[in-house]
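Each ligand, and each atom within it, is numbered from 1 in the order the structure gives. Keep in mind the model is a prediction, meaning the values are calculated, not measured. Side chains are part of it too, since the values below use all heavy atoms of this structure and drop only hydrogens, waters and symmetry mates.
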Amino acid sequence: MLNLVLFGPPGAGKGTQSEKLIKKYNLVHLSTGDLLRSQIAAGTELGLRAKQLMDQGLLVPDEVVIGMIEYKLRENQEAAGFIFDGFPRTVNQAVALDDLLTQYNTEITTMISLVVEDEELIRRLLKRGETSGRPDDRDEETARRRVRVYNSETMPVADFYEKQGKYLAVDGIGEIESIFTAICQKIEQVSVKTQ
Ligand code: B4P
């Protein structure tokens, strides 16, 4: 099984690259951002609570996102593997993910971290905001808050995987296609090693 964590700050290109990776490796895409946005669109109670936090650029509570991932893993037990996009975003979520995967006799294969400097992230988020209609992309203050939250709450997740020998960094600046090629090369190196 190939289980990837695609990691990186908001706007690093996790969603963009995930779309390409799921096709190439036949993986199930689990994006907590997308799952939360579909709860908001459906007007559920969970969605309404999540929206208040997401619109401000803050993280949704761990138990909410862990519960969503737990449900999706149960629903996709026949999958060839998963790509976790935007999850885990805290060390608590990373611990919970390891526990959940152990229950299914599997584990994270590797974490790929997309590295992009803060000012480029702000530029991308505000550009996406011109067309996406996403409230969390609309103004600079919120975009900057999201990057700050990433640096304080999410960055420690990289150490968590580094200690397990599973951290791989990829430069997230450049053409989408060349970043995709660099990610695939990392995945293939890891797959050869684990065969
Ligand atoms: P997410 O949906 O995960 O959103 P993201 O960080 O903005 O996106 P991503 O990195 O995928 O960017 P994309 O490819 O679209 O999270 C949204 C919110 O949900 C969070 O702030 C939080 O509130 C909540 N949430 C989600 N998961 C959570 C969790 N686990 N725990 C708690 N809360 C959680 O790329 C961005 C833009 O850049 C696009 O416009 C794209 O076209 C462009 N782009 C991509 N690659 C490019 C490149 N190489 N060059 C130039 N532009 C590029």
Side-chain angles (χ1 to χ4, degrees), residues 4-22 29-41 46-73 82-97 100 111-158 160 170-183:
L4 300 175
V5 170
L6 195 57
F7 186 76
K14 303 182 294 288
T16 306
Q17 297 295 336
S18 290
E19 289 304 327
K20 300 169 75 63
L21 290 165
I22 52 168
H29 183 199
L30 296 183
S31 156
T32 39
D34 288 349
L35 292 170
L36 290 166
R37 281 185 289 275
S38 61
Q39 292 284 329
I40 293 173
L46 187 158
L48 289 175
R49 277 196 292 140
K51 182 172 167 44
Q52 289 172 353
L53 295 160
M54 289 169 75
D55 287 1
Q56 295 176 67
L58 301 172
L59 296 183
V60 170
D62 287 340
E63 61 275 16
V64 172
V65 281
I66 293 166
M68 291 191 318
I69 291 290
E70 194 171 6
Y71 179 82
K72 286 286 167 188
L73 288 177
F82 294 93
I83 180 156
F84 297 94
D85 161 9
F87 179 90
R89 259 178 160 95
T90 64
V91 172
N92 267 344
Q93 293 178 20
V95 171
L97 180 59
L100 282 171
M111 173 216 243
I112 308 255
S113 175
L114 290 172
V115 181
V116 179
E117 43 132 5
D118 290 1
E119 291 312 310
E120 170 69 9
L121 298 171
I122 304 295
R123 266 195 298 277
R124 288 185 191 178
L125 293 174
L126 294 179
K127 185 157 184 280
R128 182 172 65 185
E130 291 169 8
T131 52
S132 70
R134 277 177 55 171
D136 55 346
D137 288 341
R138 221 172 281 156
D139 65 88
E140 185 168 339
E141 196 189 321
T142 310
R144 289 199 182 277
R145 187 179 303 124
R146 291 174 64 194
V147 173
R148 275 201 305 277
V149 167
Y150 169 82
N151 286 327
S152 60
E153 298 184 46
T154 305
M155 271 301 271
V157 175
F160 178 89
V170 168
D171 185 355
I173 295 188
E175 294 293 323
I176 289 171
E177 213 43 59
S178 43
I179 296 167
F180 177 62
T181 304
I183 295 174

Could you tell me if the side chain of [Y] sits less than 4.5 Å from the side chain of [X], heavy atoms only?
| X | Y | answer |
| --- | --- | --- |
| Lys14 | Ser31 | no |
| Met54 | Arg37 | yes |
| Leu125 | Glu140 | no |
| Lys20 | Ile176 | yes |
| Val116 | Arg124 | yes |
| Val157 | Met111 | yes |

Protein heavy atom at shortest distance from [atom]:
| atom | result |
| --- | --- |
| atom 33 (N) of ligand 1 | Val60 N, 3.1 Å |
| atom 5 (P) of ligand 1 | Arg146 NH2, 3.5 Å |
| atom 45 (C) of ligand 1 | Thr16 OG1, 3.4 Å |
| atom 23 (O) of ligand 1 | Leu58 O, 2.7 Å |
| atom 18 (C) of ligand 1 | Met54 CE, 3.8 Å |
| atom 10 (O) of ligand 1 | Lys14 NZ, 2.9 Å |
| atom 49 (N) of ligand 1 | Gly174 O, 3.0 Å |
| atom 31 (N) of ligand 1 | Gln93 NE2, 3.0 Å |

For Ile179, the atoms of ligand 1 under 4.0 Å from one of its heavy atoms are 49 (N)
Under a 4.0 Å N-O cut-off, is there an ion pair linking Arg144 with Glu119? yes
So, are Arg123 and Glu120 salt-bridged, with charged N and O less than 4.0 Å apart? yes
Quick one: closest heavy-atom pair of Asp137 and Gly129, and the distance? CB-CA, 3.5 Å
Ligand 1-proximal atoms of [X], by part, heavy-atom distance under 4.0 Å:
| X | value |
| --- | --- |
| Pro88 | neither |
| Gln17 | neither |
| Val149 | neither |
| Arg37 | side chain |

Who's closest to [atom] heavy-atom-wise, of [options]?
| atom | options | result |
| --- | --- | --- |
| atom 26 (C) of ligand 1 | Glu130, Arg89, Arg145 | Arg89 |
| atom 36 (C) of ligand 1 | Arg128, Arg134, Arg124 | Arg128 |
| atom 25 (N) of ligand 1 | Leu36, Thr32, Ile69 | Leu36 |

Ligand 1 to Asp136 polar contact by distance, N or O atoms, under 3.5 Å: no
My understanding is that only residues two or more places apart in sequence, or in another chain, count here; which of them pass side-chain contact (heavy atoms from CB on, under 4.5 Å) with Ile69? Leu30, Thr32, Leu73, Phe84, Phe87, Leu97, Leu100
